[in-house]
Amino acid sequence: MLGETVITRAELERAVEALARTIEADLEGRDPVFICVLKGAVYFFTALTQRIRHPMVVDFIQASSYGATTESSGTVTLIKDVTVDIAGKDVYVVEDIVDTGLTLADVVALLRARHPRSVQVVALLSKPSRRKVAVAVDFTGIEIEDRFVVGFGLDFAERFRNLPEIREFVSDGEATP
Ligand code: 5GP
């Protein structure tokens, strides 16, 4: 069930605005492709990219999500690939949350194999205490402690994505999210 609010709508807006300003400064002279990692990042992605005043191409990628008890196999399965050629481009991978880092490491490796000029990662949320693989997150919005959260794109069993704030989700004791 839904627990307390962890990050309010106003705090999210401030975090997105701060990220947009930092990224804008990094974009000087770059030819960027912003890639949204579906589905969780979609609310963050639209908020962020609209605040960045720099020409860009946007695209979408969806990797297989692993279930409640298993974790990434280390080889990502693509559900939906990007449609643009990223060779020679400056890629910004936009993620909702970096937890163990396994999903992100897979996605970054897959994109790097296509010879972009650079790959950087933007994450709205990060749980540093849970990291299993060292994956560079170049731009982080808000660091949170190890609790399962939903809202602003993040789901539990495909629900709660449309909540405008980030709330804790407390499992009823059955499946661990
Ligand atoms: P990682 O590979 O870093 O362990 O997992 C990243 C993915 O796990 C995220 O993109 C997200 O889909 C999911 N995830 C990790 N932590 C949370 C959380 O607190 N809430 C929700 N809803 N999803 C999470």
Side-chain angles (χ1 to χ4, degrees), residues 1-9 11-13 15-16 19 23 33-49 58-82 91-113 119-177:
M1 58 178 191
L2 280 179
E4 62 171 352
T5 298
V6 178
I7 307 169
T8 66
R9 195 173 184 162
E11 286 167 340
L12 284 169
E13 279 169 12
V16 172
L19 279 170
I23 293 167
V33 179
F34 278 73
I35 299 178
C36 173
V37 184
L38 295 171
K39 299 178 191 173
V42 73
Y43 289 77
F44 171 47
F45 186 80
T46 57
L48 179 73
T49 52
V58 299
D59 208 337
F60 301 85
I61 197 167
Q62 189 171 10
S64 63
S65 61
Y66 45 90
T69 52
T70 54
E71 286 182 343
S72 173
S73 60
T75 319
V76 73
T77 306
L78 280 186
I79 296 167
K80 190 223 167 293
D81 201 349
V82 294
V91 169
Y92 291 76
V93 180
V94 181
E95 260 283 21
D96 52 359
I97 186 165
V98 183
D99 186 26
T100 64
L102 289 164
T103 308
L104 187 59
D106 284 352
V107 169
V108 167
L110 181 139
L111 294 172
R112 276 198 199 286
V119 179
Q120 296 193 91
V121 173
V122 187
L124 175 64
L125 305 177
S126 175
K127 289 183 195 168
S129 67
R130 295 258 308 162
R131 209 71 91 242
K132 284 192 178 163
V133 287
V135 54
V137 181
D138 302 277
F139 306 95
T140 306
I142 300 171
E143 289 192 351
I144 60 168
E145 53 190 78
D146 181 16
R147 62 216 294 215
F148 191 84
V149 292
V150 295
F152 203 62
L154 290 155
D155 74 311
F156 173 69
E158 294 299 335
R159 308 204 62 145
F160 309 115
R161 291 194 198 276
N162 62 315
L163 288 175
E165 70 278 339
I166 303 274
R167 305 265 299 261
E168 182 160 25
F169 183 84
V170 186
S171 165
D172 296 315
E174 291 177 15
T176 307

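Numbering of ligands and ligand atoms starts at 1, following listing order.
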| said: Below 30° counts as parallel, above 60° as perpendicular, anything between as tilted: where do the rings of Phe156 and Phe169 land? | reply: parallel
| task | Answer yes or no: does atom CZ of Arg9 have more than 12 heavy-atom neighbours from other residues, nucleotides or ligands under 6.0 Å? | result | no
| message | Geometry only, no angles: is Val150 polar-contacting ligand 1 at N/O separations under 3.5 Å? | response | no
| field | Side-chain donor or acceptor of Arg131 paired with backbone N/O of Lys127 under 3.5 Å | value | yes
| task | Measure the distances from the heavy atoms of Phe156 to every atom of ligand 1 and state whether one is below 4.0 angstrom. | result | no
| Those residues that, when tested against Tyr92, pass ring-ring contact (aromatic ring centres under 6.0 Å, His included) (two or more places apart) | Phe34
| Proximity flag Lys127 to ligand 1, non-hydrogen atoms under 4.0 Å | yes
| message | When you measure from the side chain of Asp138 to the backbone of Val121, do you find a donor-acceptor pair of N or O atoms at a distance under 3.5 Å? | response | yes
| request: Select one of side chain, backbone, both or neither to describe which atoms of Asp96 lie under 4.0 Å from any atom of ligand 1, heavy atoms only. | output: side chain
| query | So is Arg130 close enough to ligand 1, meaning a heavy atom under 4.0 angstrom away? | reply | no
| field | Nearest-0.5 Å distance, OH of residue Tyr43 to CG of residue Asn162 | value | 5.0 Å
| From Ile61 CD1 over to Lys80 NZ, what is the distance, rounded to the nearest 0.5 angstrom? | 8.0 Å
| task | Please identify which atoms of ligand 1 are closer than 4.0 Å to at least one heavy atom of Thr103. | result | 1 (P), 2 (O), 5 (O), 6 (C)
| message | Does the residue Gly40 have a heavy-atom contact with ligand 1, meaning some pair of atoms that are separated by less than 4.0 Å? | response | no
| message | For a 4.5 angstrom cut-off between non-hydrogen side-chain atoms, does Leu154 reach Leu125? | response | yes
| Under 4.0 Å to a heavy atom of Thr100 - the qualifying atoms of ligand 1, by number | 1 (P), 2 (O), 3 (O), 4 (O)
| message | Out of all atoms in ligand 1, which are within 4.0 Å of some heavy atom of Asp155? Include the element for each. | response | 21 (C), 22 (N)
| Against heavy atoms of Val149, which atoms of ligand 1 measure under 4.0 Å? | 18 (C), 19 (O), 20 (N), 21 (C), 22 (N)
| query | Numbering the atoms of ligand 1 from 1, which are under 4.0 Å from a heavy atom of Arg147? | reply | 19 (O)
